[in-house]
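Reviewing the structure listed below.
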Amino acid sequence: MAQLLKQSVKLALIQLACTADKSHNLSHARTKVLEASKTGAKIVVLPECFNSPYGTKYFPQYAEQLLPSPPTETQSPSFHALSRLAREAGVYLVGGSIPEKEASGKKLFNTSLTFAPSGELLASHRKVHLFDIDIPGKITFKESDVLSPGNKITLIDIPEYGKIAVAICYDIRFPELATIAARKGAFLLLYPGAFNLTTGALHWELQARARAMDNQVYVGLCSPARDMSAEYNAWGHSMVVGPNAEVLEQLDEKEGMCVQELKAGWIEEVRKGIPLYGQRRFDVYPDVSAGIAGEGR
Ligand SMILES: O=C(O)CCC(=O)C(=O)O
């Protein structure tokens, strides 16, 4: 059987220190992505909402129009900055996420754009599961006050390496999405995400390792660095997990970068040892991936 990851590849997750200044965030991201590419990383990831503060009141103000694609530079400076940067760095760039506004201006989304080293847009993912939680005395957040959800699973075929899946933050809590992507052949699940001090401590690492363990694939979570002067305090702790649920690298809360080589053949080795893939009982329960098309754009 063909290997899911066709050749070993270096993955870089950039835990960026993000500010309220969009153009500063874009130029800072450029510096860090170029730094990542110098390590030999070929897939580079930025955090959720890397160029705006994270908060419902900020989304309308920072949102950019992405459709029809490609947008003009005025409609989306971030689209063009990321496309140019992927080309300049010569990497597949998963551009974290940015607030997106529909052309009509009525709907807003939390959207991740992935560019090829040519600068071409490969895929966009609109966060499918909106972050609406209420833990009394700890954290209340309601993305659905201003955002609309996306409605597809995003799988991206990278010719040299294989398929990756991109989803955003709260999406990780819904294992179906990960399982469907893995059953469609993804070797890597990437989640730009910004957990907080409450749920980060509880579930960030557990979610990453659980998705890797359930699906026997690589998982990468990329957070903004923590800023205690901001209204929303991100957990940080960006991490790369292997298909045995082993933590290959985890940052602390400060700005930094995880760079890890994902090894061709390792997923198959793990699956040979614990052969879940041939042991599923679709005569007892349904295959969640049946009939679902994962698509890029
Ligand atoms: O799931 C969580 O605990 C945090 C989710 C989140 O911060 C987000 O979706 O942006």
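When a ligand or atom number is given, it counts from 1 through the structure's own listing order. Excluded from the calculations below are hydrogen atoms, water molecules and symmetry mates; all remaining heavy atoms, backbone and side chain alike, are included.
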Counting from 1 in the order shown, the ligand 1 atoms closer than 4.0 Å to a non-hydrogen atom of Tyr232 are 7 (O)

Going by the 4.0 angstrom heavy-atom rule, the piece of Tyr54 near ligand 1 is side chain

> Does the side chain of Tyr191 come under 3.5 Å of the side chain of Gln207 through a donor N or O and an acceptor N or O?
Replying inline: no

| message | Quick test of your reading of the model: are Arg87 and Glu120 salt-bridged, counting only N-O distances below 4.0 Å? | response | no

Exercise. Hey, is the main chain of Asp227 close enough, under 3.5 Å, to the side chain of Asn233 for a donor-acceptor pair?
Worked result: yes

Here the atoms of ligand 1 under 4.0 Å from any heavy atom belonging to Lys127 are 8 (C), 9 (O), 10 (O)

Thr199 heavy atoms within 4.0 Å reach ligand 1 at atoms 2 (C), 3 (O), 4 (C)

Under 4.0 Å between heavy atoms, the region of Trp204 that gets near ligand 1 turns out to be neither

Honestly, for Arg173 the part within reach of ligand 1 (heavy atoms, under 4.0 Å) is side chain

| task | Please find out if less than 6.0 Å separates the ring center of His129 from that of Tyr170. | result | no

When distances are taken from atom 6 (C) of ligand 1, the protein heavy atom at minimum range is Cys169 SG, 3.0 Å

Have Tyr54 and Glu143 got a donor and an acceptor in their side chains that come within less than 3.5 Å? yes

Among Phe195, Phe141, Tyr191, the residue with a heavy atom nearest to atom 4 (C) of ligand 1 is Phe195

Within 4.0 Å of some non-hydrogen atom of Ala194, the atoms of ligand 1 are 6 (C), 7 (O)

**Asked** Is Glu205 paired with Arg209 through a side-chain N to carboxylate O contact shorter than 4.0 Å?
**Response** yes

Does the N or O separation between Phe131 and ligand 1 drop below 3.5 Å for any pair? no

Does any N or O atom in Glu143 lie less than 3.5 angstrom from one in ligand 1, N or O only? no

Within 4.0 Å of some non-hydrogen atom of Glu48, the atoms of ligand 1 are 8 (C), 10 (O)

Greater than 12 external heavy atoms within 6.0 Å of Leu276's CG = yes

I'd like to know if Lys32 pairs up with Glu35 as an ion pair, taking the criterion as any Lys NZ or Arg NE/NH1/NH2 lying under 4.0 Å from an Asp or Glu carboxylate oxygen. yes

